[in-house]
Amino acid sequence: FAQVGHNTDAQHLHAGVNFFEYLQEKFPSLPKISIDYAVMERAARVLAPTTQDVRDIATFVGYDDANYFVKVFRAEYGMTPSAYRVLHGT
């Protein structure tokens, strides 16, 4: 995947681009597990430098259910998105 900076992530967040859908369109042959990992990685990159609401970030990366997003994020990173932000925020 091409590296995308924090500014571009934030611009997409405000533009309402759904990252999960973007990846599915751009890379239709990728296994779902790869897309899920990329989505969580993007969520982590967006979380750290912003104060954007976790629900908005969940929607941005393709999760309609913020509670499920938190569950998946915790399984991947071992902490909630809010805890991740506190630990890795700028």
Side-chain angles (χ1 to χ4, degrees):
F1 296 109
Q3 290 292 333
V4 178
H6 295 301
N7 290 337
T8 302
D9 291 341
Q11 290 167 355
H12 283 155
L13 181 58
H14 292 294
V17 174
N18 181 313
F19 186 62
F20 183 78
E21 290 175 0
Y22 166 79
L23 284 178
Q24 285 181 316
E25 281 182 26
K26 185 134 178 121
F27 307 102
S29 62
L30 273 180
K32 185 176 179 330
I33 189 103
S34 296
I35 291 176
D36 289 343
Y37 176 78
V39 168
M40 284 298 110
E41 185 177 280
R42 170 63 64 91
R45 285 197 320 249
V46 172
L47 273 165
T50 70
T51 58
Q52 190 74 34
D53 190 274
V54 171
R55 290 175 295 218
D56 293 337
I57 292 170
T59 300
F60 165 65
V61 296
Y63 285 83
D64 294 330
D65 183 344
N67 292 325
Y68 184 66
F69 167 75
V70 170
K71 180 179 178 178
V72 173
F73 191 94
R74 185 189 320 243
E76 183 68 35
Y77 288 95
M79 64 186 77
T80 66
S82 297
Y84 183 91
R85 176 180 281 155
V86 168
L87 189 62
H88 297 283
T90 55

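Computed over heavy atoms, backbone and side chain alike; hydrogens, waters and symmetry mates excluded.
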Val46 with Tyr68, same ILVMFWY side-chain cluster at under 4.5 Å: yes
Cluster link Val61 to Met79, ILVMFWY, side chain under 4.5 Å: yes
Aromatic ring pairing Tyr84/Phe73, orientation class (parallel under 30°, perpendicular over 60°, tilted between): perpendicular
Set of side-chain contact (heavy atoms from CB on, under 4.5 Å) partners for Asn67, sequence neighbours left out: Asp65
Shortest non-hydrogen separation from Ala58 to Ala66 and the atoms involved: CB-CA, 4.1 Å
Beyond-backbone contact of Thr80 with Val54, side-chain heavy atoms, under 4.5 angstrom: no
Verdict with supporting geometry, Val72 and Val39, side-chain contact (heavy atoms from CB on, under 4.5 Å): CA-CA 10 Å; Val72 173; Val39 168; over 6 Å; no
Euclidean distance, Arg85 CZ relative to Thr51 OG1, rounded to 0.5 Å: 6.5 Å
CD1 on Ile57 to CZ on Arg42, rounded to 0.5 Å: 11.5 Å
All salt bridge (Lys or Arg N to Asp or Glu O under 4.0 Å) counterparts of Arg55, not counting sequence neighbours: Asp53
